[in-house]
Amino acid sequence: MTPAAAPPPRPWQVVVNLPVPAYDFAVPHGFVGGPPLGCRVLVPWRGELVVGLVVGEGDPRGGHRLREAVHVLDDPACPWVPAATVAGVQGWAHDARLPAGLVWGDLLGVGWQAAYAHMVRAVEGADLSAFARKVPTERWTDAGAFAPNLLDAIREQGLLEERFTARPRTKTVVEARPLDDVPPASRTVTVIQAAAQRPTTLTPKQAQACAWLAEHGPQETLSGWAKGAGISAGVVTAALNAGGAEYVRVQAPPPEAWTWLREHGPLDSYAAWANGASAQGVPLSPTVAGTLALRGWADTVEVPAPPPALPEPCALVADPTLPDRLPEEAVWRLHGGRAATRFGVLAPRVGRLLSQGRGVLVLAPDHATLRRAWEGLSGLAEACGTRAVQIAGTLSEAQREHSWHLLGMGAARLVIGSGHALSAPLHDPALVVVLEEASDAHKLLSGSRAFLPDVAARIASAHDAALAYVGAAPAAESVPWPGAVLPPPKARVHVVDYANPPEQPELGPLSSVQHKQGDMGYPISHDLARVLRQVQERGRQAVLLAPRRGYSALLRCPTCEHTPHCRNCDVALRFHQETRQLTCHQCGYHEAIPDRCDNCGDRMWKARGPGTEWIAQEVGKLLPGFPVYRLDKDRQDDLSPLHAGEPGVVVGTQLLLSGEPPPNLALVGVTLADTWLNVSDFRASERYHRLLRQLAEWHPTRAPMLVVQTFQADHPALRVMVEGRDTLAYPAAEERARKALGYPPHARLAQIEVTARDPRKAQAAAQELADAFHGAGATAQEVLGPAPSPVARLRGVYPYHLFLRARHDARLGELLRVLDTRTWKARVRVDVNPRGGL
DNA sequence: AGCACGCCGACT
DNA sequence: GTCGGCGTGCTC
């Protein structure tokens, strides 16, 4: 009786860092155990080996023969990404209709490059003569000696044996070679020494030279001898040729530079050696240092690199022993107060979990928020017997990898970071904290376009960890969760109402309307100007928030109203006065300012819509001699004098908020608030309100005056600030409005973008899609559009948008399934939970 | 994302 | 005849 054939092991689903779905790979020969979920593997890919991540099990009877995964890089007991995290991310990628590789490429920031030694040999008795040129023999050889695609061809036939060993991070250093190993030729030197017996044929001068040499000892050069003896070079040469002196090789003392390196080395480079030695009185140039190494006095060697220095934890500021009054539910929120207060309230909970040996993950949308969280929480980890690490783009690759290992070993249990921290191998996570959950910085602009709080929620749920939203003001979406609310910091808000200029009795109503902007002062109102002068007089600091970079939003011909537009996009070109250029802020296209209007030939241009350059220029006129700094994507002035406390004004875009506030900040001016409202997005007013709240809490202790210039002085997002209403007043009202309109959190949205180079093709494909949705039973409430994108042409392509609005996730999933029914005649991209545009 | 393949228009 | 534009398809 023959034993029943064991069922073939199920293949592994592996993602690589490319925008493609997970592919199946056969289990490597001889691998024992279940699928190593979350481990990195080396897989054959287009003739090379690439790092992939095991995210699941595939179909055991696949349609075609599979390639084998070649090597498992991580110990399955300690995967690179926790298995629950893998499940959470995979679930999100599936629901968002995104190729898994695209999602993992965005989320996993550490580990796609693995350092390993790779040795190969031919299997015993294999005949590789069919392969070209140089092929592996039966001796182990470094794989680098062969073309990767040749190795892959041999591998595919099962004729290759491979061995992988992890190679720790190394660095190259210069170290002094032991004296015994220095080549003898380098340890001797040729010198000129007087002959033992002086020939009788020497002239008197020659004899005199030889006598000097005998007395003063051997010389290294002829010229040294000549100079020392005070005799011409010709005579000493003749004396040498006549046999009065001879070249001999003698033992030389080791060079001083070598002795120095033996005492102070090893060092990172020849330059470091040269600088270090020179600084201590041993003259050495990098070139000479290199020559010494060439002669065998020093070697460059690979040594294991020490672990990189990680950010130091801050002092413990919050008291973890205070009572913990935060909700115990699976999802909760904490908003209001100042950042330091919020972390103080959060500390008892985080401290308790860390003390229990559990893990806490904190997701920050930007660098400034990350820094505040680090200041508020990192000291806590030390106090609770563990340590905190950061995983963020501001750290080096080596630092991120080291932090990753500390988490994987369980040595660190608090991780604070960007989206890259979400997949970190944190042990037993009990709490995932999403900071400033309404921030647009959580939305990845390219690739997967993931909204990180959505992914964080999936990961928390997969780990059965609690999820907390913490920030200055909640998103309307977080309002329904149970939560704790702190009173907002006091704000002194002054509103400049451009729409209602003060009564001017001496002028008639008509002229008042005609001149109202001029009368109130534009782009800097008289009110704002007055406060700015006070700032100057008192030597304080001010920040002005401009709605855009550049000089102006556009140029307009005063005669015919013509405005220069981008040749690739359907937008007006921004005017940059400093570079004398018109620039497209969508695609980067730029051109010199045209001499005359293309349309009517007029030579005049008028700027409209002030930007940072314009505002800075106005401030310069207003406050002569007062330092004016600028901070936007185009120009980042050095603000260190301000941070040292010197007086001045900074004009910038929202980029300002990602830095520290100046210490003597007395005034924050929003030069034109309406820019935050004049966007076609249902989240615009929430974003505006959050901006005001963030400005009010920006300075950690002060409450600077907030001057807001606007045409919509009665906007509720601003009114609640003026009236000093509580933290939840506006977000709760917004949430009620969303309910009435059927927007999140009372609906799930997805944007479907259809793009093509031909606008008619894009429009037709979008319409076809809409028809398909309706054909599948979608209602008119559920499918909105298609409509051309707000920017009808972008980088030369014409995007059309279609919106799906479903009551809940399940219905959205049902609707999205229509996309899989067939292929479409244009590029179709889905963005679930889109932000911006609608 | 890359990198093939393949189909059309502009040149020696 | 070829060179080279970029549209389409594939990667286990």
Side-chain angles (χ1 to χ4, degrees), chain A residues 8-29 31 35-37 39-73 86 90 93-94 96-109 111-113 147-158 160 162 444-450 567-568 587 753-765 768 793-800 819-820 822-831:
Chain A
R10 294 180 64 182
W12 299 341
Q13 288 189 311
V14 177
V15 289
V16 294
N17 188 3
L18 287 174
V20 294
Y23 285 115
D24 287 355
F25 287 86
V27 175
H29 208 71
F31 182 87
L37 283 177
C39 286
R40 294 170 308 154
V41 287
L42 292 173
V43 290
W45 190 270
R46 287 178 157 272
E48 287 182 46
L49 285 184
V50 300
V51 174
L53 189 75
V54 180
V55 294
E57 281 190 298
D59 198 322
R61 25 160 198 84
H64 54 98
R65 65 181 184 286
L66 299 174
R67 294 295 306 271
E68 262 182 29
V70 176
H71 179 67
V72 181
L73 287 163
V86 169
Q90 285 293 111
H94 173 263
R97 309 281 135 159
L98 288 165
L102 186 64
V103 174
W104 284 104
D106 279 351
L107 289 182
L108 188 60
W112 292 112
Q113 273 91 41
N149 57 352
L150 171 72
L151 287 182
D152 195 51
I154 303 171
R155 177 186 296 130
E156 190 166 15
Q157 303 212 350
L160 193 67
E162 300 181 78
L444 303 185
L445 295 171
S446 57
S448 65
R449 301 183 179 199
R567 57 157 72 155
N568 305 319
C587 73
E753 188 179 75
V754 182
T755 46
R757 214 164 276 277
D758 177 355
R760 288 173 12 224
K761 221 167 134 184
Q763 210 247 330
E768 225 171 285
R793 185 170 54 130
L794 206 62
R795 293 164 210 269
V797 299
Y798 291 81
Y800 272 75
L819 293 172
D820 309 333
R822 59 190 171 99
T823 57
W824 310 92
K825 289 176 191 122
R827 207 169 106 97
V828 173
R829 203 154 45 182
V830 184
D831 183 354

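Numbers restart at 1 for each chain; the letters A, B, ... are given by sequence-line order, proteins then strands.
R829(A) meets the salt bridge (Lys or Arg N to Asp or Glu O under 4.0 Å) test with E753(A); sequence neighbours excluded.
Between V41(A) and L73(A) the shortest side-chain heavy-atom distance does not fall below 4.5 Å. Here the side chains of R155(A) and L49(A) are in contact, with some heavy-atom distance below 4.5 Å.
Rounded to an integer number of Å, the gap from CD of E48(A) to C1' of dC3(B) is 12 Å. Taking atom CH2 of W112(A) as the reference point, atom P of dA1(B) lies 15 Å away to the nearest angstrom. Distance CZ (R827(A)) to P (dT8(C)): 12 Å, rounded to an integer number of Å. Rounded to an integer number of Å, the gap from CD of E68(A) to C1' of dC12(C) is 12 Å. Straight-line distance from the CG atom of D59(A) to the C1' atom of dC12(C): 13 Å, rounded to whole Å. As a whole-Å value, the separation of N149(A) CG from dA4(B) C1' is 14 Å. To the nearest angstrom, P of dA1(B) lies 11 Å from CG of N17(A). Protein atom CG of L102(A) is 19 Å distant from nucleotide atom P of dC10(C), rounded to whole Å.
Here R67(A) lies in heavy-atom contact (under 4.0 Å) with sugar-phosphate atoms only.
When the nucleotides dG2(B), dC12(C), dA1(B) are ranked by their closest atom to the side chain of R46(A), dG2(B) comes out on top.
Put simply, OH on Y800(A) and OG1 on T755(A) are 12.0 Å apart, with the number rounded to the nearest 0.5 Å.
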Restricting to nitrogen or oxygen on both sides, can you table the protein-nucleotides 5-7 of chain B pairs closer than 3.5 Å?
none

If you look only at distance, which donor and acceptor atoms sit under 3.5 Å apart when one is on a side chain in residues 9-20 of chain A and the other is two or more places apart or in another chain?
{"unit_1": "R10(A)", "atom_1": "NE", "unit_2": "G58(A)", "atom_2": "O", "d": "3.2"}
{"unit_1": "R10(A)", "atom_1": "NH2", "unit_2": "G58(A)", "atom_2": "O", "d": "3.2"}

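Between R67(A) and D152(A) there is a salt bridge, since a side-chain N of the basic residue sits under 4.0 Å from a carboxylate O of the acidic one.
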